[in-house]
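I have placed the structure first, in the form of C-alpha coordinates, so that the comments after it can refer back to it.
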Amino acid sequence: MDLVVGATGDLGGLITHRLLERGEPVRVLVRDTSDVSPLKAAGAQLAFGDLKELTSVDAACKGVDRIISTATGASRGGDDSVEAVDRQGHATLLRCAENAGIQRIIYVSANGFETDSPVELARAKASTAEAIRSSGLDYTILQPTLFMESWVAFVVGAQIQVGDTVQVIGDPARRYGFVSMQNVADLALAALDHPDAQRAEIPLSAGSCSYQQIVAWIAKATGRELHVHSLPPSTEIPGFPPILNELWSFAATGGLGPLSTPKVAEKFGFEMIRPRAFIQKMFRSDG
Ligand SMILES: NC(=O)c1ccc[n+]([C@@H]2O[C@H](COP(=O)([O-])OP(=O)(O)OC[C@H]3O[C@@H](n4cnc5c(N)ncnc54)[C@H](OP(=O)(O)O)[C@@H]3O)[C@@H](O)[C@H]2O)c1
(Lines give C-alpha, C1' and ligand atoms only; values in the text may rest on other atoms or scores of the structure.)
Protein backbone atom coordinates (compact mmCIF):
# COMPACT_ATOMS: atom_id res chain seq x y z
CA MET A 1 0.00 0.00 0.00
CA ASP A 2 1.32 3.42 -0.99
CA LEU A 3 0.41 6.60 0.92
CA VAL A 4 0.31 9.86 -1.04
CA VAL A 5 0.51 13.06 0.99
CA GLY A 6 -0.47 16.12 -1.08
CA ALA A 7 -2.94 14.21 -3.28
CA THR A 8 -5.39 17.13 -3.49
CA GLY A 9 -2.59 19.24 -5.02
CA ASP A 10 -1.61 19.35 -8.69
CA LEU A 11 1.38 17.01 -8.65
CA GLY A 12 0.12 14.72 -5.86
CA GLY A 13 -3.19 14.33 -7.71
CA LEU A 14 -1.40 13.40 -10.91
CA ILE A 15 0.75 10.81 -9.13
CA THR A 16 -2.23 9.32 -7.25
CA HIS A 17 -4.34 8.93 -10.40
CA ARG A 18 -1.44 7.32 -12.25
CA LEU A 19 -0.82 4.86 -9.41
CA LEU A 20 -4.52 3.96 -9.34
CA GLU A 21 -4.52 3.52 -13.14
CA ARG A 22 -1.68 1.02 -12.67
CA GLY A 23 -3.98 -0.91 -10.34
CA GLU A 24 -1.97 -0.17 -7.19
CA PRO A 25 -3.75 0.28 -3.85
CA VAL A 26 -3.34 3.91 -2.78
CA ARG A 27 -4.20 5.66 0.45
CA VAL A 28 -4.24 9.46 0.52
CA LEU A 29 -3.84 11.70 3.57
CA VAL A 30 -6.39 14.45 2.90
CA ARG A 31 -8.14 17.27 4.71
CA ASP A 32 -11.93 17.42 4.70
CA THR A 33 -11.65 21.08 3.65
CA SER A 34 -10.43 20.04 0.17
CA ASP A 35 -12.37 18.45 -2.68
CA VAL A 36 -11.62 14.74 -2.37
CA SER A 37 -14.37 13.52 -4.72
CA PRO A 38 -12.07 12.90 -7.75
CA LEU A 39 -9.71 10.85 -5.57
CA LYS A 40 -12.59 8.89 -4.06
CA ALA A 41 -14.15 8.27 -7.47
CA ALA A 42 -10.82 6.98 -8.80
CA GLY A 43 -10.63 4.44 -5.98
CA ALA A 44 -8.19 5.99 -3.50
CA GLN A 45 -8.58 5.02 0.14
CA LEU A 46 -9.18 8.25 2.06
CA ALA A 47 -7.39 8.85 5.36
CA PHE A 48 -8.66 12.14 6.72
CA GLY A 49 -6.00 14.04 8.61
CA ASP A 50 -3.48 16.83 8.59
CA LEU A 51 0.32 16.94 8.71
CA LYS A 52 -0.07 19.25 11.70
CA GLU A 53 -1.95 16.56 13.67
CA LEU A 54 0.29 13.71 14.76
CA THR A 55 -2.47 11.24 15.63
CA SER A 56 -4.03 11.53 12.18
CA VAL A 57 -0.66 11.03 10.46
CA ASP A 58 0.08 8.06 12.72
CA ALA A 59 -3.23 6.43 11.75
CA ALA A 60 -2.67 7.12 8.02
CA CYS A 61 0.75 5.42 8.14
CA LYS A 62 -0.51 2.10 9.54
CA GLY A 63 -0.17 -0.74 7.03
CA VAL A 64 1.66 1.43 4.48
CA ASP A 65 4.82 0.27 2.65
CA ARG A 66 5.84 3.48 0.89
CA ILE A 67 5.09 7.19 1.11
CA ILE A 68 5.13 9.78 -1.65
CA SER A 69 4.95 13.33 -0.34
CA THR A 70 4.38 16.34 -2.56
CA ALA A 71 2.73 18.34 0.22
CA THR A 72 3.62 21.96 0.86
CA GLY A 73 2.06 24.80 2.78
CA ALA A 74 3.66 27.37 0.45
CA SER A 75 0.48 28.22 -1.43
CA ARG A 76 -2.01 27.56 1.37
CA GLY A 77 -1.56 30.24 4.05
CA GLY A 78 -3.19 30.53 7.48
CA ASP A 79 -2.10 27.74 9.84
CA ASP A 80 -0.51 25.93 6.92
CA SER A 81 2.73 27.88 7.09
CA VAL A 82 5.93 26.62 5.53
CA GLU A 83 7.26 26.02 9.05
CA ALA A 84 4.15 24.04 10.09
CA VAL A 85 3.82 21.93 6.94
CA ASP A 86 7.11 21.76 5.04
CA ARG A 87 9.32 21.47 8.12
CA GLN A 88 7.35 20.36 11.24
CA GLY A 89 4.67 18.45 9.32
CA HIS A 90 7.26 16.42 7.49
CA ALA A 91 9.17 15.77 10.74
CA THR A 92 5.90 14.32 12.07
CA LEU A 93 5.43 12.29 8.89
CA LEU A 94 8.94 10.84 9.20
CA ARG A 95 8.48 9.96 12.87
CA CYS A 96 5.15 8.22 12.15
CA ALA A 97 6.64 6.43 9.12
CA GLU A 98 9.48 5.03 11.23
CA ASN A 99 7.06 3.96 14.00
CA ALA A 100 4.89 2.18 11.43
CA GLY A 101 7.90 0.39 9.88
CA ILE A 102 7.46 2.07 6.50
CA GLN A 103 10.38 1.22 4.22
CA ARG A 104 10.54 3.96 1.68
CA ILE A 105 9.73 7.63 1.04
CA ILE A 106 9.72 9.64 -2.18
CA TYR A 107 9.93 13.32 -1.32
CA VAL A 108 9.51 16.20 -3.75
CA SER A 109 11.93 19.01 -2.97
CA ALA A 110 13.35 21.35 -5.64
CA ASN A 111 16.60 22.01 -7.42
CA GLY A 112 18.68 24.76 -5.80
CA PHE A 113 17.03 24.50 -2.38
CA GLU A 114 19.67 24.69 0.38
CA THR A 115 19.52 24.99 4.18
CA ASP A 116 21.15 28.46 4.06
CA SER A 117 18.84 29.86 1.37
CA PRO A 118 17.30 33.34 1.86
CA VAL A 119 13.91 31.77 1.02
CA GLU A 120 12.14 30.09 3.95
CA LEU A 121 10.50 27.45 1.75
CA ALA A 122 13.89 26.43 0.35
CA ARG A 123 15.41 26.20 3.85
CA ALA A 124 12.47 24.16 5.17
CA LYS A 125 12.51 21.72 2.26
CA ALA A 126 16.30 21.34 2.46
CA SER A 127 16.11 20.60 6.17
CA THR A 128 13.37 18.03 5.57
CA ALA A 129 15.66 16.44 2.98
CA GLU A 130 18.40 16.31 5.64
CA ALA A 131 16.03 14.68 8.12
CA ILE A 132 15.06 12.10 5.50
CA ARG A 133 18.72 11.31 4.76
CA SER A 134 19.44 10.67 8.42
CA SER A 135 16.25 8.66 9.00
CA GLY A 136 16.18 4.89 8.82
CA LEU A 137 14.06 4.99 5.66
CA ASP A 138 15.16 4.25 2.16
CA TYR A 139 14.46 7.40 0.17
CA THR A 140 14.43 9.22 -3.12
CA ILE A 141 14.51 13.01 -3.00
CA LEU A 142 13.36 14.57 -6.26
CA GLN A 143 14.87 17.93 -7.13
CA PRO A 144 12.90 19.27 -10.08
CA THR A 145 13.48 22.70 -11.59
CA LEU A 146 10.65 25.20 -12.20
CA PHE A 147 7.36 23.55 -13.21
CA MET A 148 6.28 24.79 -16.65
CA GLU A 149 2.62 24.44 -15.59
CA SER A 150 3.28 27.14 -12.95
CA TRP A 151 6.11 29.23 -14.39
CA VAL A 152 5.06 29.26 -18.06
CA ALA A 153 1.38 28.27 -18.40
CA PHE A 154 0.26 30.26 -15.35
CA VAL A 155 2.86 33.05 -15.09
CA VAL A 156 2.83 33.99 -18.77
CA GLY A 157 -0.63 32.59 -19.62
CA ALA A 158 -2.39 34.72 -16.97
CA GLN A 159 -0.66 37.87 -18.20
CA ILE A 160 -1.38 37.41 -21.91
CA GLN A 161 -5.05 36.86 -21.15
CA VAL A 162 -5.31 40.52 -20.16
CA GLY A 163 -2.72 42.23 -22.36
CA ASP A 164 0.22 41.95 -24.72
CA THR A 165 2.97 42.68 -22.20
CA VAL A 166 4.53 40.02 -20.02
CA GLN A 167 6.16 41.30 -16.84
CA VAL A 168 9.16 39.30 -15.67
CA ILE A 169 11.32 39.75 -12.59
CA GLY A 170 14.98 40.30 -13.41
CA ASP A 171 16.86 40.01 -16.68
CA PRO A 172 14.57 38.50 -19.37
CA ALA A 173 17.65 36.91 -20.99
CA ARG A 174 18.57 34.96 -17.82
CA ARG A 175 18.12 31.22 -18.35
CA TYR A 176 16.49 28.81 -15.92
CA GLY A 177 15.85 25.08 -15.93
CA PHE A 178 12.23 24.06 -16.54
CA VAL A 179 10.37 20.75 -16.25
CA SER A 180 6.80 19.58 -16.71
CA MET A 181 4.93 18.24 -13.70
CA GLN A 182 4.09 15.24 -15.93
CA ASN A 183 7.78 14.32 -15.97
CA VAL A 184 8.07 14.82 -12.19
CA ALA A 185 5.20 12.32 -11.84
CA ASP A 186 7.00 9.99 -14.30
CA LEU A 187 10.12 10.09 -12.15
CA ALA A 188 8.24 9.68 -8.85
CA LEU A 189 6.51 6.55 -10.17
CA ALA A 190 9.65 5.08 -11.71
CA ALA A 191 11.64 5.79 -8.54
CA LEU A 192 9.30 3.68 -6.40
CA ASP A 193 10.85 0.42 -7.61
CA HIS A 194 14.04 1.37 -9.43
CA PRO A 195 17.30 0.20 -7.77
CA ASP A 196 19.15 3.35 -8.90
CA ALA A 197 16.63 5.49 -7.02
CA GLN A 198 17.45 4.03 -3.63
CA ARG A 199 19.02 6.48 -1.17
CA ALA A 200 19.24 8.89 -4.09
CA GLU A 201 18.70 12.60 -4.76
CA ILE A 202 17.74 13.20 -8.34
CA PRO A 203 17.71 16.61 -10.07
CA LEU A 204 15.23 16.75 -12.95
CA SER A 205 15.07 19.35 -15.71
CA ALA A 206 13.88 19.14 -19.32
CA GLY A 207 16.02 22.03 -20.51
CA SER A 208 16.88 25.67 -19.98
CA CYS A 209 15.57 28.83 -21.54
CA SER A 210 14.96 32.49 -20.80
CA TYR A 211 11.64 34.33 -20.51
CA GLN A 212 12.68 36.23 -23.63
CA GLN A 213 12.71 32.92 -25.52
CA ILE A 214 9.54 31.67 -23.82
CA VAL A 215 7.58 34.78 -24.76
CA ALA A 216 8.93 34.66 -28.33
CA TRP A 217 7.81 31.00 -28.66
CA ILE A 218 4.38 31.85 -27.23
CA ALA A 219 4.08 34.79 -29.64
CA LYS A 220 4.84 32.45 -32.53
CA ALA A 221 2.41 29.77 -31.29
CA THR A 222 -0.44 32.25 -30.79
CA GLY A 223 0.31 34.54 -33.73
CA ARG A 224 0.33 37.56 -31.39
CA GLU A 225 2.80 40.38 -30.91
CA LEU A 226 3.94 40.11 -27.29
CA HIS A 227 6.35 42.29 -25.33
CA VAL A 228 8.49 41.62 -22.26
CA HIS A 229 8.82 44.16 -19.48
CA SER A 230 11.51 43.59 -16.86
CA LEU A 231 10.95 44.47 -13.18
CA PRO A 232 13.80 44.62 -10.65
CA PRO A 233 14.21 41.75 -8.16
CA SER A 234 12.17 42.14 -4.94
CA THR A 235 9.32 43.67 -6.96
CA GLU A 236 5.98 41.93 -6.70
CA ILE A 237 3.83 41.24 -9.72
CA PRO A 238 0.34 42.17 -8.50
CA GLY A 239 -2.08 39.26 -8.24
CA PHE A 240 0.62 36.60 -8.11
CA PRO A 241 1.01 34.43 -4.99
CA PRO A 242 3.65 35.87 -2.59
CA ILE A 243 5.72 32.66 -2.76
CA LEU A 244 5.93 32.95 -6.54
CA ASN A 245 7.19 36.55 -6.37
CA GLU A 246 9.68 35.60 -3.65
CA LEU A 247 11.02 32.59 -5.57
CA TRP A 248 11.27 34.60 -8.79
CA SER A 249 13.40 37.27 -7.11
CA PHE A 250 15.55 34.50 -5.63
CA ALA A 251 15.92 32.92 -9.07
CA ALA A 252 16.62 36.26 -10.76
CA THR A 253 19.47 37.04 -8.35
CA GLY A 254 21.29 33.78 -9.08
CA GLY A 255 19.47 31.40 -6.70
CA LEU A 256 18.30 29.22 -9.60
CA GLY A 257 20.07 28.62 -12.87
CA PRO A 258 20.01 26.59 -16.07
CA LEU A 259 19.93 22.79 -15.89
CA SER A 260 19.24 19.91 -18.22
CA THR A 261 19.16 16.25 -17.14
CA PRO A 262 18.49 14.13 -20.26
CA LYS A 263 20.14 11.03 -18.75
CA VAL A 264 17.59 10.83 -15.94
CA ALA A 265 14.72 10.32 -18.37
CA GLU A 266 16.78 7.77 -20.26
CA LYS A 267 17.65 5.83 -17.12
CA PHE A 268 14.14 5.85 -15.66
CA GLY A 269 12.40 5.21 -18.98
CA PHE A 270 10.30 8.23 -19.88
CA GLU A 271 10.28 11.00 -22.50
CA MET A 272 11.16 14.51 -21.40
CA ILE A 273 8.74 17.24 -22.45
CA ARG A 274 11.00 20.02 -23.73
CA PRO A 275 10.04 23.66 -23.03
CA ARG A 276 9.37 24.50 -26.68
CA ALA A 277 7.14 21.44 -27.18
CA PHE A 278 5.26 22.25 -23.95
CA ILE A 279 4.62 25.79 -25.19
CA GLN A 280 3.53 24.69 -28.66
CA LYS A 281 1.01 22.29 -27.16
CA MET A 282 -0.23 24.67 -24.48
CA PHE A 283 -0.48 27.89 -26.50
CA ARG A 284 -1.07 26.98 -30.12
CA SER A 285 -3.90 29.15 -31.45
CA ASP A 286 -6.01 26.24 -32.76
CA GLY A 287 -6.50 25.32 -29.09
N1 LIG B 1 5.75 24.76 -8.76
C2 LIG B 1 7.04 24.56 -8.99
O3 LIG B 1 7.65 25.18 -9.89
C4 LIG B 1 7.81 23.55 -8.17
C5 LIG B 1 9.13 23.30 -8.50
C6 LIG B 1 9.84 22.35 -7.77
C7 LIG B 1 9.22 21.68 -6.72
N8 LIG B 1 7.92 21.96 -6.41
C9 LIG B 1 7.28 21.22 -5.32
O10 LIG B 1 6.35 20.30 -5.87
C11 LIG B 1 5.41 19.93 -4.87
C12 LIG B 1 4.03 19.82 -5.45
O13 LIG B 1 3.58 21.07 -5.90
P14 LIG B 1 2.03 21.30 -6.22
O15 LIG B 1 1.97 22.43 -7.18
O16 LIG B 1 1.37 20.01 -6.54
O17 LIG B 1 1.50 21.82 -4.78
P18 LIG B 1 0.00 22.21 -4.38
O19 LIG B 1 -0.90 22.07 -5.57
O20 LIG B 1 0.07 23.53 -3.67
O21 LIG B 1 -0.42 21.07 -3.34
C22 LIG B 1 -0.07 21.14 -2.01
C23 LIG B 1 -0.65 19.91 -1.31
O24 LIG B 1 -0.17 19.92 0.04
C25 LIG B 1 -1.29 19.64 0.87
N26 LIG B 1 -1.13 20.21 2.20
C27 LIG B 1 -0.86 21.50 2.53
N28 LIG B 1 -0.87 21.64 3.87
C29 LIG B 1 -1.15 20.41 4.39
C30 LIG B 1 -1.31 19.91 5.70
N31 LIG B 1 -1.20 20.71 6.77
N32 LIG B 1 -1.60 18.60 5.88
C33 LIG B 1 -1.75 17.77 4.80
N34 LIG B 1 -1.63 18.18 3.52
C35 LIG B 1 -1.32 19.50 3.32
C36 LIG B 1 -2.46 20.31 0.17
O37 LIG B 1 -3.67 19.81 0.71
P38 LIG B 1 -5.01 20.74 0.78
O39 LIG B 1 -5.63 20.65 -0.59
O40 LIG B 1 -5.82 20.09 1.82
O41 LIG B 1 -4.57 22.12 1.12
C42 LIG B 1 -2.18 19.87 -1.26
O43 LIG B 1 -2.64 18.58 -1.48
C44 LIG B 1 5.56 20.94 -3.76
O45 LIG B 1 6.19 20.33 -2.65
C46 LIG B 1 6.42 22.03 -4.36
O47 LIG B 1 7.23 22.69 -3.39
C48 LIG B 1 7.20 22.86 -7.13
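First listed ligand is number 1; within each ligand, the first listed atom is number 1. We're numbering straight along the sequence, starting at 1. Computed from a predicted structure; not experimentally measured.
Under 4.0 Å from ligand 1, the heavy atoms of S75 that appear belong solely to its side chain. Residue contacts with ligand 1 for E149 are absent, since no atom lies close enough (heavy atoms, distance under 4.0 Å). Of all the heavy atoms of V108, the ones lying under 4.0 Å from any atom of ligand 1 are found in both the backbone and the side chain. At a heavy-atom distance under 4.0 Å, atoms from both the backbone and the side chain of P144 approach ligand 1.
Here's the thing with G6: one of its N/O atoms is less than 3.5 angstrom from an N/O atom of ligand 1. Taking any N or O of L11, backbone or side chain, at least one lies under 3.5 Å from an N or O belonging to ligand 1.
Here the protein heavy atom with the shortest distance to atom 44 (C) of ligand 1 is T70 O, 3.3 Å. Protein heavy atom in closest approach to atom 27 (C) of ligand 1: T72 O, 3.1 Å. The protein atom (non-hydrogen) at minimum distance from atom 15 (O) of ligand 1 is D10 OD2, 4.0 Å. Looking from atom 32 (N) of ligand 1 to the surrounding protein, the closest heavy atom is L51 N, 2.9 Å. The protein non-hydrogen atom at the shortest distance from atom 21 (O) of ligand 1 is G9 CA, 3.3 Å. Nearest protein neighbour of atom 45 (O) of ligand 1, counting heavy atoms only, is K125 NZ, 2.8 Å. Protein heavy atom in closest approach to atom 38 (P) of ligand 1: S34 OG, 3.2 Å.
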Taking only distance into account, with no hydrogens and no angle test, what donor-acceptor pairs under 3.5 Å do side-chain atoms of residues 267-279 form with protein atoms, sequence neighbours excluded?
| residue | atom | partner | partner atom | Å |
| --- | --- | --- | --- | --- |
| R274 | NH1 | A206 | O | 2.6 |

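Within 6.0 Å of CG in D79 there are 12 or fewer heavy atoms belonging to other residues, nucleotides or ligands.
In the vicinity of D50, heavy-atom distances shorter than 4.0 Å reach the ligand 1 atoms 30 (C), 31 (N), 32 (N). Under a 4.0 Å criterion applied to the non-hydrogen atoms of W151, ligand 1 contributes the atoms 2 (C), 3 (O). Near A110, the atoms of ligand 1 lying under 4.0 angstrom from a non-hydrogen atom of the residue are 6 (C), 7 (C). Residue T145 approaches ligand 1 through these ligand atoms, each under 4.0 Å from one of its heavy atoms: 5 (C), 6 (C). Of all atoms in ligand 1, listed by their number and element, those nearer than 4.0 Å to a heavy atom of T8 are 36 (C), 37 (O), 38 (P), 39 (O), 40 (O), 42 (C), 43 (O). Those atoms of ligand 1 with a heavy atom of V85 less than 4.0 angstrom away are 28 (N), 29 (C), 31 (N). Taking every heavy atom of S109 and a limit of under 4.0 angstrom, the matching atoms of ligand 1 come to 6 (C), 7 (C). Close approach of ligand 1 to D80 is summarised as follows: ligand atoms under 4.0 Å from at least one heavy atom of the residue are 28 (N), 30 (C), 31 (N).
Transitive grouping of hydrophobic side chains (ILVMFWY, heavy atoms separated by less than 4.5 Å) keeps V85 and V36 in distinct clusters. Taken together through direct or relayed side-chain contacts under 4.5 Å among Ile, Leu, Val, Met, Phe, Trp and Tyr, L11 and L121 form parts of separate hydrophobic clusters. Linking ILVMFWY residues whenever their side-chain heavy atoms come closer than 4.5 Å, directly or via other members, places F113 and L146 in the same cluster.
By heavy-atom distance, the residue among Q88, Q143, R76, R31 lying nearest atom 30 (C) of ligand 1 is R31. In the candidate list F147, F113, F178, F147 is nearest to atom 3 (O) of ligand 1, counting heavy atoms.
Note: I202 CD1 to T261 OG1 = 9.5 Å, rounded to the nearest 0.5 Å.
For the pair I67 and R104, the minimum side-chain heavy-atom distance is 4.5 Å or more. Side-chain contact check for R284 versus K220: every heavy-atom pair is 4.5 Å or farther apart. Contact of the L189 side chain with the L19 side chain is registered, since non-hydrogen atoms from C-beta on lie closer than 4.5 Å. The shortest side-chain heavy-atom distance between I214 and W151 does not fall under the 4.5 Å cut-off.
In this pair, Y211 and W248 present their aromatic rings tilted. The plane angle is within the 30 to 60° band.
Side-chain contact, D86 with T72: a donor N or O sits under 3.5 Å from an acceptor N or O.
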Original post:
Given the rule in the side chain to side chain donor-acceptor pair (under 3.5 Å) test, do Q212 and R175 qualify, once you have shown the distances and angles that lead to the verdict?
Top reply: CA-CA 9 Å; Q212 214 161 45; R175 294 166 74 244; over 6 Å; no

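The pair R95-D58 does not meet the salt-bridge criterion, since no charged nitrogen lies less than 4.0 angstrom from a carboxylate oxygen.
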